[in-house]
Structures are given as C-alpha cells and as structure tokens.
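Each remark here refers to the structure printed beneath this line.
Throughout, protein chains are lettered first and strands after them, A, B, ... in sequence-line order, and every chain is numbered starting at 1.
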Amino acid sequence: MAEDIQQKLEKYRTAPFDARFPNQNQTRNCWQNYLDYHRCQKALDAKGVDTAPCDWYKSVYKSLCPLSWIEKWDTQREDGTFPGKI
Amino acid sequence: MAHPTQLGFQDAASPVMEELLHFHDHALMIVLLISTLVLYIITAMVSTKLTNKYILDSQEIEIVWTILPAVILVLIALPSLRILYLMDEINDPHLTIKAMGHQWYWSYEYTDYENLGFDSYMIPTQDLTPGQFRLLETDHRMVVPMESPVRVLVSAEDVLHSWAVPSLGVKMDAVPGRLNQTAFIASRPGVFYGQCSEICGANHSFMPIVVEAVPLEHFENWSSLMLEDA
C-alpha cells in the first residue's frame, strides 16, 4: 500500500480528474483536499503511524489552491480561527 | 493578436478554437443565404406590377416554409452541440496553472512541483521596444508547453476580472473566492494575446494576458530560470 502511494507520488504530474468535482467550479476540490490532508495528518499522527499516504492530498491541494488561500488558511489554523473541521 | 480593420476571428491556436471557427463559418453561411433570399424576395415583391388575388389556402408553401426552417435549425444545432460536448470532455491535464486577477495585473502560479509564482504587468506604451504591440505586451508571459493539455484555474484577489485568450478559444471569469476551471491545448508554438474581459476599474483595459507556447524542453528551462530569479 505504501509502495503504491510512493509510486503514485513519483509519477505525479498534476491533480488528476476527480469525479466528485466534474464541473467548472473547482473551489470545493481545493478545499476538500486541503481538509483531507490535515485530517489525514492529524489522524495518522495520533496513531503514531507514518504520514506518507497523506502526501497525495498535499500534492493535489498544492496544485489546485492559490498560494494566497493556502497562506490564509495556514495562518487561520495557527490562530485557531480556521472555519473547517480538522 | 487582432489587427486593424479585422472582421473575423484570429487564427486558431487550439483544436477547440478551430472547431468554433468552422462552426461560425457554417452558421454565418446559412445566415447569409437566408438574408440574401429574403432581400431578393423583398425587392421582387416591391418591383412587380402583378398582384395576388387568391389569398386563401396555400397549403404547399406553408408546409415548405415550416419544414425547411426546422431542418435548417437542426443543421445548426447538431454541430453546435457536438462542439459543446467536445469542450466538456474529461481531459487529463499535464499541467495546472493558476491565473489570479488583481487590480490591475494578472499573476500566475505553477505549483505542481515547486512554488513558482510571478506577476504579469502590462508594458507601458513609452517602454515598448520596436515591434512590440501597444497595450498587449507584458513583462512576464505565461509560458506553456505546446501540444500539452493545460488546466487553468482562474480566480481573483479583489474584484471580478475575466481571463480571455481569443486565439485559444478561452474565456473564463475570475471571481474572488471561486476557482473556475478551463483547459486548452496549444496546437502550435507561438505567442497568443488576450485582454481582461470583465470591467474591473480604472485600468481594466491595461491588464493584458500573454500566453507563450514553446516546446517542452524550453518550458522546463524557462521554469528553472524563473525559479532561480524568484
């Protein structure tokens, strides 16, 4: 499983088509992957397991989300004002 | 780019734009034929001494001029829908670029591998070198590899803007807080110009878009150089 993730990450070009977000508005795609990465990190950290599988979500949100949005959300998480549930 | 007194579209630089161009030729031909026919009939009616005394019951012509327009509309609708669905196909992009609209410039982010971001300001008229185009050139161009599907995510940091490049057949509104996706393939290397297409304040006419399509190796060299400069 871990090797598959590694392979997927090595062959990563850009965020692939996600059938959950097939249309023009990709806002939710960016938001969801950002949430999924941080939730994955939190969950695997809590279990004390290697968080490498979470890197897929990180690659995707880095491809999709504008840098200003990522900075804003990172700051909000540090301040405790992040609107999403992680 | 557009040239003075131009009436038609700019040369197509993407497969979608080629389709749109041919469809426009088809639809315009139909429109011109119908208009010519109508104009001819009007002049014929106006310049005849004959009058029609039998003004009731013309079943045959009524049937013809009901069925024929329906057929013509179908002949327009079928290619139109074909292109609509073609544009909607699921594509597998090789590259994602974010185009962010600001007052009054665009910024481009290439973040698939490293965090490459830069602003793209219009070159003021007094700073143009000979051969450059007024109100269209920018200091940094959005460079893309040719013949590769590129996904562009368009958004804005302040007010509404719109990212448009006519020769690629692309226009997408830039809405703050929203990520609008569009895609294109540059079928040939070249430089393609566009302008902001949503009123956004005093310098709305002065925030152009320049896309430069180059072979992949050139794109890779350019992105390494841009990363070093940043």
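Of the two parts of B:Tyr110, neither the backbone nor the side chain holds a non-hydrogen atom closer than 4.5 Å to a non-hydrogen atom of chain A. Using a 4.5 Å cut-off between heavy atoms, B:Thr96 contacts chain A through both its backbone and its side chain. Only the backbone of A:Asn23 comes within contact range of chain B, with at least one heavy atom under 4.5 Å from a heavy atom of that chain.
The pair A:Arg13-B:Asp92 meets the salt-bridge criterion, since a charged nitrogen lies less than 4.0 angstrom from a carboxylate oxygen. A salt bridge links A:Asp74 with A:Arg77: at least one charged nitrogen is closer than 4.0 Å to a carboxylate oxygen.
Heavy-atom pairs under 4.5 Å with chain B were tallied for A:Ala19, A:Ser68, A:Pro16; the largest tally goes to A:Ser68. Ranked by non-hydrogen atom pairs under 4.5 Å with chain A, the options B:Asp112, B:Asn115, B:Leu95 are led by B:Asp112. Options A:Gln24, A:Arg28, A:Lys62 differ in how many heavy-atom pairs under 4.5 Å they form with chain B, and the most are formed by A:Gln24.
The side-chain heavy atoms of A:Trp31 and B:Leu179, taken from C-beta on, include no pair separated by under 4.5 Å.
Heavy-atom neighbours of B:Leu78 CG from other residues, nucleotides or ligands within 6.0 Å: above the threshold of 12.
Side-chain contact annotation: A:Tyr12 with A:Ser63, donor-acceptor N/O pair under 3.5 Å present.
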